> 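Supplied in structure tokens, the structure appears directly below.
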Amino acid sequence: MTKYDAIVIGTGQAGPSMATKLAGSGMKTAIIESGKFGGTCVNDGCIPTKTMVASARAAHIARNAAEYGVVIDGSVSVDMKLVKARKDEISGKSNKGVEQWLKGTDNLTVFEGKGRFESHNTVRVGDELLQADKIFINVGGRAFIPPFPGLDNIDYLTNENIMDIDFLPEHLIIIGGSYIGLEFAQMFRRFGSKVTVVEMASNIIQREDEDVSNTVLQVLEKEGVKFRLNSECISPEKQPEKEGNEIIVKLHCSDESKEVRGSHLLLAVGRSPNTKDLGLEKAGIEVDERGFIKVDDQLQTNVPGVWALGDCNGQGAFTHTSYNDYEIVAANLLDDDNRRLSDRIVTYGLFVDPPLGRVGMTENQARESGRNVLIGKRPMTRVGRAVEQGQTEGFMKVLVDADSKEILGAAIIGLNGDEVVHSITDIMYAKAPYTVIQRAVHIHPTVSELIPTMLGELKPL
Ligand SMILES: Cc1cc2nc3c(=O)[nH]c(=O)nc-3n(C[C@H](O)[C@H](O)[C@H](O)COP(=O)(O)OP(=O)(O)OC[C@H]3O[C@@H](n4cnc5c(N)ncnc54)[C@H](O)[C@@H]3O)c2cc1C
């Protein structure tokens, strides 16, 4: 049994910063990693997918170069081996960077293996027992594998093993029309695959307002992605007589004609926390019905001295929320700064092209809030920069509390929407009235310059 001041389990987006901060404050700290340093974002999530989105966009621009007066002699093709090599290099650098950072930090011992609680203050990794009064869980999540009948007989893809692909799937069937599935859908379509997205609901990205999800649907359909919405009773099977791995996904319980045939299947139907095999019951740490660790407003679990950060606590499913969890815990514990989870405003992107940037309430949520709400909306066809760039799909919309004048939320689906939304996010954090941005002078010609204009044209919701 080795005694530490603090133990961190997992090296996702919160763990490394937490561990190095603790070590830097003089605490003897241990950090444990059972997989790849840097976790999901670095190895199978944000970084590799965004490098692949960039390759897919380059192919798309090249194919449509003529629209800009650019002549490409010959056809445009994508070399998936080179796409993968670029992705591996960028992602690999981050992975190595995290490993070297942790291994080079004084006062910090790195263990490679699976950490499991033996008691509320003891963690086993391999043959070693580590003990500490402060334990930080940052074990993240993994792709949820749904109990579809027939799945056991199929070699399916998830966001992890799709990273190993260095060939072009002839026809990729994606089950799940939400954030992760849609990014892969557009990406592989742009690489040159046929792509069909199978979704059980009547629309994609259900959490969004209908105008947002319809816009994304139209953008992807225009590029040739096929959608099979309202699919019930999804059951994948392998066509027995085909050696070529032809996959059939049946979409309806009763109607046999409703099926999709493809060469590869990607499951993108959500994420599960990595909390099953962590010995939480030995430590007495409570989880909810989906396995997420229950935490309070400062990310403490029900067991004193144990915190849960990142995707495993169910309070966010993003890199920026995991990192913010670290900031909250570190501020309270080490910097005498009373930061709270409830201070956080929901914000995220959907990295299709053009991207979606979201912050705060949706229009539906604003309606349900019972407030007196004003709305401003402007199509990208009326944004000069979007016209000049030749990318006029989408719109920006903002929701304002008519009484307090505070901005309640915004959605920007269109050119640079993932960046532009931050001018609204910052004013929301400042709790300043919308008139502050309305009177601000923004650079011309940008997408952001139309935010003040939109705020000058608010109407009752
Ligand atoms: C395809 C995809 C694309 C994404 N794109 C974005 C994006 O663009 N923007 C964004 O903000 N978010 C994105 N995300 C989400 C983002 O990756 C996660 O929210 C983020 O990685 C935060 O995770 P985390 O810190 O909770 O832990 P993770 O990054 O999941 O890391 C947890 C680590 O803990 C380790 N671990 C697990 N159990 C144990 C154990 N018992 N002992 C020791 N180690 C253990 C794991 O091996 C892993 O390394 C994406 C996710 C996916 C899947």
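Counting convention: from 1, in listed order, for ligands and their atoms alike. Please read all numbers here as calculations on a predicted model, not as lab measurements.
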> Please report which non-hydrogen protein atom sits nearest to atom 43 (C) of ligand 1, along with the residue it belongs to and the distance in Å to one decimal place.
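Protein heavy atom at minimum distance: Ser34 N, 3.4 Å.
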
> Out of Gly115, Pro273, Gly35, Ser322, whose heavy atom is nearest to atom 40 (C) of ligand 1?
Gly115

> Just heavy atoms, cut-off under 4.0 Å: does Lys36 contact ligand 1 by side chain, backbone, both, or neither?
backbone

> Go through ligand 1 atom by atom and flag the ones less than 4.0 Å from a non-hydrogen atom of Gly141.
30 (O)

> Is Glu112 salt-bridged to Lys103, cutoff N-O under 4.0 Å?
yes

> Taking only heavy atoms of Phe351, which atoms of ligand 1 are found under 4.0 Å from at least one of them?
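Every atom of ligand 1 under 4.0 Å from some heavy atom of Phe351: 8 (O).
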
> Can you list the atoms of ligand 1 that are under 4.0 Å from a heavy atom of Gly310?
26 (O)

> With distance as the sole test, does Lys28 use its side chain to make a donor-acceptor pair with the main-chain N or O of Lys3 at under 3.5 Å?
yes

> For atom 37 (C) of ligand 1, what's the nearest protein heavy-atom neighbour? Residue, atom name and distance, please.
Val139 O, 3.3 Å

> What is the nearest protein non-hydrogen atom to atom 26 (O) of ligand 1, stated with its residue, atom name and distance?
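Ranked first by proximity to atom 26 (O) of ligand 1 is Asp311 N, 2.7 Å.
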
> Is it the case that the side chain of Ser25 and the backbone of Leu22 share a donor-acceptor pair, with hydrogens and angles ignored and the cut-off at 3.5 Å?
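Judged by distance alone, yes, a pair lies under 3.5 Å.
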
> What is the nearest protein non-hydrogen atom to atom 15 (C) of ligand 1, stated with its residue, atom name and distance?
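The closest one turns out to be Ala317 O, 3.4 Å.
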
> Has Gly113 got any heavy atom lying under 4.0 angstrom from an atom of ligand 1?
yes

> Can you classify the ring geometry of Phe318 versus His320 as parallel (below 30°), tilted (30 to 60°) or perpendicular (above 60°)?
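Phe318 vs His320 ring planes: parallel.
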
> Distance-only, no hydrogens or angles: does the Glu363 side chain make a donor-acceptor pair with backbone N or O of Asp209 under 3.5 Å?
no

> Can you name the atoms of ligand 1, numbered from 1 with element, that are less than 4.0 Å from a heavy atom of Thr49?
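Heavy-atom distances to Thr49 below 4.0 Å select 1 (C), 3 (C).
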
> Heavy atoms only, cut-off 4.0 Å: how does Phe37 contact ligand 1, side chain, backbone, both, or neither?
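Within the 4.0 Å criterion, Phe37 makes no contact with ligand 1.
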
> Donor-acceptor pair, distance only, cut-off 3.5 Å: does the side chain of Arg189 make one with the backbone of Phe191?
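Looks like no, no N/O pair under 3.5 Å.
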
> Using a heavy-atom cut-off of under 4.0 Å, does the side chain or the backbone of Glu183 touch ligand 1, or both, or neither?
neither

> I need the atoms of ligand 1 closer than 4.0 Å to a non-hydrogen atom of Lys114, numbered in the order shown.
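Counting from 1, the qualifying ligand atoms are 41 (N), 42 (N).
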
> Any heavy atom of Arg271 closer to ligand 1 than 4.0 angstrom?
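The answer is yes, since Arg271 has a heavy atom less than 4.0 Å from ligand 1.
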
> Using a 3.5 Å distance criterion without hydrogens, assess whether the side chain of Ser193 forms a donor-acceptor pair with backbone atoms of Pro169.
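Present.
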
> Which one of Ala14, Pro16, Ala268, Gly45 has a non-hydrogen atom at the shortest distance from atom 2 (C) of ligand 1?
Gly45

> Do me a favour and list the nearest non-hydrogen protein atom to atom 20 (C) of ligand 1 with residue, atom name and distance?
Thr319 OG1, 3.5 Å

> Hey, does the side chain of Thr51 reach the backbone of Pro48 with a donor-acceptor pair shorter than 3.5 angstrom?
yes

> Are any of the N or O atoms of Leu309 closer than 3.5 Å to those of ligand 1?
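Looking only at distances, the answer is no, because the N/O contact criterion of under 3.5 Å is not met.
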
> Run the numbers for me: atoms of ligand 1, each under 4.0 Å from some heavy atom of Ile32, listed by number.
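In order of number, 43 (C), 44 (N).
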
> Evaluating non-hydrogen atoms only, which member of Met163, His320, Lys276, Glu33 is closest to atom 33 (C) of ligand 1?
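The option holding the nearest heavy atom is Glu33.
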
> Just wondering, do Trp307 and Gln300 contact through their side chains at under 4.5 Å, heavy atoms?
yes

> Using a heavy-atom cut-off of under 4.0 Å, does the side chain or the backbone of Thr40 touch ligand 1, or both, or neither?
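Both backbone and side chain.
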
> Given side chains that start at C-beta, do those of Val260 and His171 come closer than 4.5 Å, heavy atoms only?
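Touching, per the 4.5 Å side-chain cut-off.
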
> Quick one: does Thr301's side chain have a donor or acceptor within less than 3.5 Å of a partner on Val295's backbone?
no

> At less than 4.0 angstrom from any non-hydrogen atom of Ile9, what atoms of ligand 1 do you find?
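That gives atoms 40 (C), 42 (N), 43 (C) of ligand 1.
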
> Look at atom 21 (O) of ligand 1 and say which protein heavy atom is nearest, naming residue and atom and giving the distance to 0.1 Å.
Cys41 N, 3.2 Å

> Which heavy atom of Gln298 sits nearest a heavy atom of Val329, and at what distance?
O-CG2, 3.8 Å

> Does ligand 1 have a heavy atom under 4.0 Å from the side chain of Asn138, from its backbone, from both, or from neither?
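Both backbone and side chain.
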
> Any idea which heavy atoms bring Thr446 and Arg385 closest together, and the distance?
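Where Thr446 meets Arg385 most closely, the heavy atoms are C-CB, 3.9 Å.
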
> Tell me, which protein residue and heavy-atom name are nearest atom 27 (O) of ligand 1, and how many Å apart are they?
Gly140 CA, 3.4 Å

> When you measure from the side chain of Lys377 to the backbone of Phe395, do you find a donor-acceptor pair of N or O atoms at a distance under 3.5 Å?
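Here the side-chain-to-backbone pair does not exist.
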
> For atom 13 (C) of ligand 1, what is the nearest protein heavy atom, given as residue, atom name and distance?
Cys46 SG, 3.4 Å

> Any idea which atoms of ligand 1 are less than 4.0 Å away from a heavy-atom of Asn159?
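Those atoms are 1 (C), 53 (C).
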
> Quick one: does Lys50 get within less than 4.0 Å of ligand 1, heavy atoms only?
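Checking ligand 1 against Lys50, which is what was asked, there is a heavy-atom contact under 4.0 Å.
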
> May I ask you to decide if Lys294's main-chain N or O and Glu286's side chain share a donor-acceptor pair within less than 3.5 Å?
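No, Glu286 side chain to Lys294 backbone: no donor-acceptor pair under 3.5 Å.
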
> For residues Ile285 and Thr275, determine if any side-chain heavy atom of one lies less than 4.5 Å from a side-chain heavy atom of the other.
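A side-chain contact is absent here, since even the closest heavy-atom pair is not under 4.5 Å.
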
